[in-house]
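Following this message is one structure expressed as structure tokens.
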Amino acid sequence: MKRTIILVGILALTLIVSAKGGEPTVAEVTHWQLQAVDEDGVGTYDDTDKVIISGIILNNPEEMLNPTPGTGYMGGQWQIYIQGEDNDHAGTAVYFGQYYAKVGGSGNYTDEQLLSELCCINHDPNTGYTFAAGDKVKVTGWYKFYKGKINVNEKHQVEPMYDFEVELLEPAAGLPQLEVITLDMVKDESDEYIFDQTRLTGCEYYQARLVRVNDVNIVNPNSWGPDETVTIMDETGRTFPVKLGIGDGFTRYDCPTGQIDIIAIFDQESSGYMVCKDGYRLWVTDYDGNGLVLTDRGHERGNLPGDINTDYKVDFLDFAEFAENWLQQRAGLSGCYE
Ligand SMILES: [Ca+2]
Ligand SMILES: [Ca+2]
């Protein structure tokens, strides 16, 4: 259905752009090229209308933003981070939302349209494979600068010509090697963010990449919960915000206490639109309750079918969670691509 619409859209687009004198321009670029910034931290890439980027998916989208139609200000949303490989020391977020009209876009998706679009971007169009963190993919799409990063997205336009496409290059390639950082690499003596326009040091160097920070503690455990933000502090007194995702671990498990390590996507969402030198944060999308590292290790122990809360015992707690979630469906993954 959607592909038919796209074909019609492409025909319409061809007529439109022919009248204006050409197809949208597109080039394969590195994340490093795409994420270039000026002295204010504003993205400078504008060589082409669309870009093609490739790299490793860092997160499962439904642990970062809620795809359920009609949820939140922007409706159902979807976002993955893709990290560049080898010398391509950068990364890019790929974003999709339901209610673009609320932020100056061309319209909104109905719930049904949203589900159809989510279904497309969750699956490889060539094989039907469902994408997950650790897959190597190629993304072709338009892009838009927002609060410190250039995101691949639909430019807040609902017309099919603005769709982006995610294609599989290598299933289960594996998450990238973690880069261990200390807070003095990203915060100065005054606990201010280090911004370096060259992106060779400071926060910009790590943006949209998977990092590990060791030996810190969470100073405000009362803020723990899905979609909340906690603050970590190291032995020098430097602090850093940690955005918690919406993985079920933030509900199921208590905030880890004492000295811990954190594995996260290094993100930026600056306070301003035209000067974007702050707003850096670590984004952890799920937690498995291990007590020592704030992360979801992705390979749980136990091997007991039905042990929903992974406490190595199948009992009423599992049943209660099962009953509470009975008949729920995950938007964009359930009931499509059959
Ligand atoms: Ca930035
Ligand atoms: Ca259990």
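Just so you know, ligand 1 is whichever comes first in the structure, and atom 1 is the first atom listed for that ligand. Computation of the quantities below employed the complete heavy-atom set of this structure, encompassing side-chain atoms and omitting hydrogens, waters and symmetry-equivalent molecules.
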Plane angle bin for Phe96 and Tyr100 - parallel if under 30°, tilted between 30 and 60°, otherwise perpendicular: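 Ring orientation of Tyr100 relative to Phe96: perpendicular.
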Geometry at the Ca ion (ligand 2) - Asp318 OD2 versus Asn309 OD1 angle, rounded to 10 degrees: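 Computed angle, vertex at the Ca ion (ligand 2), rounded to 10 degrees: 120°.
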Distance (rounded to the nearest 0.5 Å) between Ile218 CD1 and Cys255 SG: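 So the CD1 of Ile218 and the SG of Cys255 are separated by 3.5 Å.
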The Ca ion (ligand 2) to nearest N/O/S of Tyr312 below 3.0 Å: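 No, outside the cut-off.
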Polar contact flag, side-chain donor to acceptor under 3.5 angstrom, Asn153-Tyr162: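 No, because no side-chain N or O of Asn153 sits under 3.5 Å from a partner of the opposite role on Tyr162.
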Any N, O or S atom of Gln35 closer than 3.0 Å to the Ca ion (ligand 1):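 No, since none of the N, O or S atoms of Gln35 sits under 3.0 Å from the Ca ion (ligand 1).
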Angle at the Ca ion (ligand 1) (to 10°), with one arm to OE1 of Gln207 and the other to OE1 of Gln268: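 Answer comes to 80°, rounded to 10°.
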Asp311 N/O/S atom closer than 3.0 Å to the Ca ion (ligand 2):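 Yes.
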Test item: Thr25 side-chain N/O and Asp49 main-chain N/O as donor-acceptor pair under 3.5 Å: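 The answer is yes, because a donor-acceptor pair under 3.5 Å joins these two groups.
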Atom name, Glu204 (N, O or S, nearest to the Ca ion (ligand 1)):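 This residue's closest N, O or S atom turns out to be OE2.
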3.0 Å cut-off met by an N, O or S atom of Lys313 to the Ca ion (ligand 2):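 Yes - counting backbone and side chain alike, Lys313 has an N, O or S atom under 3.0 Å.
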Rounded distance [0.5 Å steps], NZ in Lys138 versus OG in Ser54: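 Spacing of NZ (Lys138) from OG (Ser54) equals 8.5 Å.
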Geometric class of the Trp224/Tyr287 ring pair [parallel <30°, tilted 30-60°, perpendicular >60°]: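 The rings of Tyr287 and Trp224 stand perpendicular, inter-plane angle above 60°.
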The Ca ion (ligand 1) reached by Gly148 (N, O or S, under 3.0 Å):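 Yes, within the cut-off.
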The Ca ion (ligand 2) - name of the N/O/S atom of Asp307 that sits closest to it: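 When I compare the N, O and S atoms of Asp307, OD1 is nearest to the Ca ion (ligand 2).
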Ser271 and Asp278 side chains, donor-acceptor separation under 3.5 Å: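 Checked: Asp278/Ser271 side chains pair up, N/O donor to acceptor below 3.5 Å.
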